[in-house]
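Input: a single structure, listed below in structure tokens.
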Amino acid sequence: MLAPREKAGRTCLLRMSEDTPPVRTEDGSPSNPAPVAPSAPARPGLSDPARWVDLHGDYLFKCAMIRLHDATKAEDVVQETFLAALKGGQNFAGRSTEKSWLVGILKNKISDYYRRARRETSFTDMEFYSEEESDRFVADGLLKDSWIHELGPQDWSHPGASLDSKVFWQTFRDCSNKLPKNVAAVFNLREVDGFEGKEICAMLGISESNLWVMLHRARMALRRCMELNWFGKKESPP
């Protein structure tokens with residue numbers, strides 16, 4: 001059985017294959033092999049499109065999964081990415097690597113997905129994490145709404161060193177997966193893909209106040225989860 005990224009890529013290349021009838025031999029059996037997916041017009045810096053699945057399929061699928069948290073949807077946008085790249089190869093100007101170019105197309109396809117989805121789904125989630133941190137703030141007085149020192153965010157020792165750890169990133173993904181899908185979508189669009197707030201609001205059909213509340217709660221939840229599962233441990237995994 002093909003892995004998800006392989007299935008997405010193979011389906012894409014199959015759809016782009018030439019739709020020509022097989023040539024028959026004298027005994028009526030087909031003589032020509034299965035149609036082969038056409039290559040995009042040759043451009044400097046582009047490899048043979050038939051190799052894109054093997055070269056970039058895993059990375060694109062992981063990128064899509066981080067943003068969509070759904071294997072089927074991730075397969076779909078990766079497939080759409082390969083199709084768009086095959087059709088638009090002549091537009092590749094060589095100002096970036098092939099991998100970066102494909103990731104750029106993938107991000108556009110994910111944005112298109114969210115624009116379509118907003119017509120069917122409400123992206124607001126104002127209840128998530130609304131009370132979980134309330135007991136960590138000063139309730140009244142001059143310091144009202146400030147952190148209670150003993151209960152506030154912990155100091156993360158040498159956080160930069162964790163960025164090279166595969167276990168750290170797996171912990172981060174596990175924490176991200178605990179976010180509601182709508183909150184995770186907003187967080188990834190802003191913090192991972194770097195979209196401006198107004199762009200996200202227009203894309204998802206939410207107000208700026210809703211956006212910032214969702215981002216704030218996503219950051220609070222992620223911080224708390226990472227403290228419990230990584231930075232708060234006596235010894236972080238290597």
With Arg219 via salt bridge (Lys or Arg N to Asp or Glu O under 4.0 Å) - residues at least two apart: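 If we apply the salt bridge (Lys or Arg N to Asp or Glu O under 4.0 Å) test to Arg219, skipping adjacent residues, the hits are Glu191.
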Those residues that, when tested against Lys62, pass salt bridge (Lys or Arg N to Asp or Glu O under 4.0 Å) (two or more places apart):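 Salt bridge (Lys or Arg N to Asp or Glu O under 4.0 Å) check on Lys62 returns nothing, list empty.
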Distance-only, no hydrogens or angles: does the [X] side chain make a donor-acceptor pair with backbone N or O of [Y] under 3.5 Å?
| X | Y | value |
| --- | --- | --- |
| Asp48 | Ala50 | yes |
| Glu75 | Thr72 | no |
| Asp70 | Lys73 | yes |

Once rounded to the nearest 0.5 Å, what's the spacing between atom [atom1] of [X] and atom [atom2] of [Y]?
| X | Y | atom1 | atom2 | value |
| --- | --- | --- | --- | --- |
| Leu204 | Phe195 | CG | CZ | 10.0 Å |
| Asn229 | Thr171 | CG | OG1 | 6.5 Å |
| Leu228 | Arg223 | CG | CZ | 9.0 Å |
| Glu208 | Ile200 | CD | CD1 | 10.0 Å |

Would you check if [X] and [Y] make a side-chain contact, meaning some heavy-atom pair closer than 4.5 Å?
| X | Y | answer |
| --- | --- | --- |
| Arg67 | Lys107 | yes |
| Leu60 | Phe82 | yes |
| Met214 | Phe187 | no |
| Trp212 | Arg217 | no |
| Val186 | Tyr114 | no |
| Val183 | Leu215 | no |

Looking at [X] and [Y], what are the two nearest heavy atoms and their distance?
| X | Y | answer |
| --- | --- | --- |
| Leu86 | Trp52 | N-CZ3, 3.8 Å |
| Leu46 | Gly89 | CD1-O, 3.8 Å |
| Ala71 | Phe61 | O-CE1, 3.8 Å |
| Leu179 | Ala221 | CD2-CB, 4.0 Å |
| Glu98 | Leu55 | OE2-CD1, 4.2 Å |
| Thr81 | Leu102 | CG2-O, 3.6 Å |

Contacts of type side-chain contact (heavy atoms from CB on, under 4.5 Å), residue Ile66, not counting sequence neighbours: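 Scan of Ile66 (side-chain contact (heavy atoms from CB on, under 4.5 Å), adjacent residues dropped) gives Asn188.
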With sequence neighbours excluded, residues passing side-chain contact (heavy atoms from CB on, under 4.5 Å) with Asn177: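 So Asn177 forms a side-chain contact (heavy atoms from CB on, under 4.5 Å) with His69.
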Who pairs with [X] by side-chain hydrogen bond (donor to acceptor under 3.5 Å, both in side chains), at least two apart in sequence or on another chain?
| X | value |
| --- | --- |
| Ser100 | Thr97 |
| Lys99 | none |
| Asp174 | Gln170 |

Where at least one partner belongs to residues 175-224, residue pairs that pass disulfide (SG to SG under 2.5 Å), sequence neighbours excluded: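 Output for this query lists Cys175-Cys225.
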SB check Arg115 Asp112 (cutoff 4.0 Å):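 Yes, charged N to carboxylate O under 4.0 Å.
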Residue list, ring pair (Phe, Tyr, Trp, His ring centres under 6.0 Å) with Phe172, at least two apart or on another chain: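 Partners of Phe172 by the ring pair (Phe, Tyr, Trp, His ring centres under 6.0 Å) criterion, ordered by chain and then number, come out as Trp169.
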Residues Phe168, Met226; criterion side-chain contact (heavy atoms from CB on, under 4.5 Å); working and verdict: CA-CA 9 Å; Phe168 167 82; Met226 292 301 293; 3.3 Å; yes
